[in-house]
There are 2 protein chains.
Amino acid sequence: MEEHTGKKNYEVDWNEYLPGVAIDCVIFGYHEKVLKTLILEYKETDFFALPGGFVLKDENLDEAASRVLFERTRLQEISLNQFYTFGSLSRFNPEPMRIVMQKNGLEPTKSHFLLQRFMSTGYYALVDFKEAEPIADFLSDSCQWYDIHDLPSLLWDHEQIIQKALESLRENIDHRAVGLNLLDDEFTMRELRNLYETILGKELNRSGFHRKMVNSGRLNRIGKKNTGKAHRSPYLYRFNT
Amino acid sequence: MEEHTGKKNYEVDWNEYLPGVAIDCVIFGYHEKVLKTLILEYKETDFFALPGGFVLKDENLDEAASRVLFERTRLQEISLNQFYTFGSLSRFNPEPMRIVMQKNGLEPTKSHFLLQRFMSTGYYALVDFKEAEPIADFLSDSCQWYDIHDLPSLLWDHEQIIQKALESLRENIDHRAVGLNLLDDEFTMRELRNLYETILGKELNRSGFHRKMVNSGRLNRIGKKNTGKAHRSPYLYRFNT
DNA sequence: ACAAAAGTGTTATAACTACACCCATGT
DNA sequence: ACATGGGTGTAGTTATAACACTTTTGT
């Protein structure tokens, strides 16, 4: 159907999409104590932005978010979390997109679908850094992981969107099994705590964290132990859902 | 400019609005231990729905919500809280609106603005029951307060929207001065507790609530006391922001 | 005097913090 | 043996819940 670099422009029939409505995905991954998110770089520009997309006329808003996630990562069945809808006038700035389209050999009319004003609903997803295969779309030549604290300058209000996603993730961290996708199936309490500390941006008490996690009842301790270093081997845990 | 029953249809130029994007307002009021919300009844039908509206092309999403609130209540400077954007396909059902328009003497084409599929962003507001003047719009002949637990059957997914607004209000109840608009300027601890119990749908411990509110530091105790009943007079409190 | 409801106090429990101590492991 | 770091235990603090007691007020 399409190659790995995504759809060709001429295959896109913008009439299939709802006008005015967009979605942006903040796709969180975690690797070596760093929280990362997928960022697109548009071709032949210094423009960076969140992976986003539009809503098909016969598609739920949530499904559009799942589809965008799939198109950029090939991941499916990932829980997506709607956190806010961005609709200020100040985010309406078609100029960068016009330049991007020009660089791709297009000369869009002023009323081209991609140059409209959009509301954008933000979703965040937690995905396995190792399982995701970042795939650029037809206007961009890379889709890469960036440290959440070392992002390039992003177009439009996308930095604000990431900030809001992070706030939402922090608020939800205790209500959801955050580690489920961000960590390996089996992990030590240390690894889980590192993840929490990275997300929350602060150190957590070691014994308190241990107790809290065990008391939450969401973890199963695997009989096995880990090895390698010159100290007591930690237990391995697994989420029980 | 327009009379109290709202804009006449022929004054509305739908080209001024963004397609595909709507907002719905859950306007909460409180009176005599009952949490209420404003509901529109469409003319000559048994159709009830939330007050809603669309987004002008030169207007922020938040501003559209404020405008809708103003148009239905004449209230301004009320803080509105965005809680969710509803975008499932199942909410797309233009038939009731087509009937409403017919009852109003219109014979809309199938692609009329009002018969499109919309995403709808939900906002809730807390307003002073006594200060709001409910005003119907041009398609409806009433805009009235209904007990949140005794609503008429609502069109589309509007019952779900109210439910989600209520959940959001409950989650935010401790972070915001909920009583600020829902109660009089000065109130007793009993009145504040009644409000909380109504919103949360459960009884709260009397002394615990008292302490929690006082310790929150958001209340000022007014020297004056209240009178009337055969028991100790309660103090009056006021929010200090 | 009494009932009613507000203000205040006491105690028990739970959750989190900080720190200490013990245990397993590789050098 | 020793350092390292994970597991566990012990106060101290704080927040909440449940209940009792005291105060004020009109009948």
Side-chain angles (χ1 to χ4, degrees), chain A residues 32-33 170-179 183-240, chain B residues 32-33 170-179 183-240:
Chain A
E32 291 178 352
K33 294 197 197 179
R170 285 175 176 168
E171 285 167 12
N172 291 334
I173 196 168
D174 283 327
H175 309 310
R176 312 199 168 241
V178 160
L183 293 177
D184 290 335
D185 257 24
E186 300 182 351
F187 49 86
T188 66
M189 201 54 90
R190 174 83 220 206
E191 288 164 347
L192 184 60
R193 183 159 56 90
N194 280 340
L195 171 63
Y196 269 64
E197 290 179 344
T198 300
I199 291 176
L200 296 176
K202 65 177 183 187
E203 296 201 345
L204 297 173
N205 178 269
R206 186 171 61 92
S207 62
F209 181 81
H210 187 102
R211 228 182 313 267
K212 186 173 159 179
M213 287 299 128
V214 169
N215 290 342
S216 79
R218 283 191 304 218
L219 297 183
N220 288 334
R221 187 156 85 174
I222 313 299
K224 294 188 294 179
K225 298 182 179 190
N226 204 356
T227 41
K229 295 286 176 55
H231 57 75
R232 180 173 178 172
S233 303
Y235 289 105
L236 286 170
Y237 295 86
R238 178 184 285 160
F239 285 102
N240 59 14
Chain B
E32 291 179 352
K33 294 197 197 179
R170 285 174 177 170
E171 285 167 11
N172 291 334
I173 196 168
D174 282 328
H175 309 310
R176 312 199 168 241
V178 159
L183 293 177
D184 290 335
D185 257 24
E186 300 182 348
F187 49 85
T188 65
M189 201 53 90
R190 173 84 220 204
E191 289 163 348
L192 184 60
R193 183 159 56 90
N194 281 340
L195 171 63
Y196 269 65
E197 290 179 344
T198 299
I199 291 176
L200 296 176
K202 65 177 183 187
E203 296 200 345
L204 297 172
N205 179 269
R206 186 172 60 90
S207 64
F209 182 80
H210 187 101
R211 226 182 313 268
K212 187 173 159 179
M213 287 300 127
V214 169
N215 289 342
S216 79
R218 284 191 303 216
L219 297 183
N220 289 333
R221 188 157 85 176
I222 312 301
K224 293 188 293 179
K225 295 184 179 188
N226 202 356
T227 40
K229 294 288 177 55
H231 56 76
R232 180 171 177 171
S233 303
Y235 289 105
L236 286 171
Y237 295 85
R238 180 184 284 162
F239 285 101
N240 59 13

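What you see is a predicted model, and the numbers here were worked out from it, not measured in a lab. All chains are named by letter (A, B, ...) in the order of the sequence lines, taking the proteins before the strands, and each is independently numbered beginning at 1.
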B:Phe239 and B:Phe187 aromatic ring geometry - parallel, tilted or perpendicular at 30°/60° bounds:
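Geometry flag for B:Phe239 against B:Phe187: tilted rings.
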Passes side-chain contact (heavy atoms from CB on, under 4.5 Å), B:Val214 versus B:Arg221? Steps please.
CA-CA 9 Å; B:Val214 169; B:Arg221 188 157 85 176; over 6 Å; no
Using side-chain contact (heavy atoms from CB on, under 4.5 Å), reason through A:Ile173 and A:Arg170 one step at a time and then give a plain yes or no.
CA-CA 5 Å; A:Ile173 196 168; A:Arg170 285 175 176 168; 5.7 Å; no
Would you give the length of the straight line joining atom CG of A:Leu195 to atom CD of A:Glu197, rounded to the nearest 0.5 angstrom?
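Output value for this atom pair is 10.0 Å.
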Inter-residue atom distance B:Arg190.CZ - B:Tyr237.OH, 0.5 Å rounding:
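The CZ atom of B:Arg190 sits 14.0 Å away from the OH atom of B:Tyr237.
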For a quick test of reading the model, state the closest non-hydrogen atom pair linking B:Glu186 to B:Leu236 and the distance between them.
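Where B:Glu186 meets B:Leu236 most closely, the heavy atoms are OE1-CD1, 3.7 Å.
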Closest contact, heavy atoms only, B:Leu219 versus B:Asn240:
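Closest pair (atom of B:Leu219, atom of B:Asn240, distance): N-ND2, 4.0 Å.
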Starting at atom [atom1] of [X], determine the distance to atom [atom2] of [N], rounded to an integer number of angstrom.
X: B:Leu204; N: D:dA18; atom1: CG; atom2: P; value: 11 Å
X: B:Tyr235; N: C:dA6; atom1: OH; atom2: P; value: 14 Å
X: A:Lys229; N: C:dT27; atom1: NZ; atom2: P; value: 11 Å
X: B:Arg232; N: D:dT24; atom1: CZ; atom2: C1'; value: 6 Å

Interface with DNA chain C, restricted to residues 205-221 of chain B and to heavy atoms under 4.0 Å:
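Within this stretch, B:Arg206, B:Ser207, B:His210, B:Arg211, B:Arg221 sit under 4.0 Å of the strand.
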Scan residues 189-197 of chain B against DNA chain C and write down, sorted by residue number, each residue with any heavy atom closer than 4.0 Å; if none is found, say none.
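Residues of residues 189-197 of chain B that come under 4.0 Å of DNA chain C are, in numerical order, B:Met189, B:Arg190.
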Side-chain (A:Arg218) to main-chain (A:Met213) donor-acceptor, under 3.5 angstrom
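No, the answer is negative, given that no donor and acceptor are paired below the 3.5 Å cut-off.
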5'-most contact on DNA chain C: B:Tyr237 or B:Ala230, nearest heavy atom basis?
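Result of the comparison: B:Ala230.
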Taking 4.0 Å as the cut-off, does a side-chain nitrogen or oxygen of A:Ser233 come that near to OP1 or OP2 on C:dA24?
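For C:dA24, neither OP1 nor OP2 has a side-chain N or O of A:Ser233 closer than 4.0 Å.
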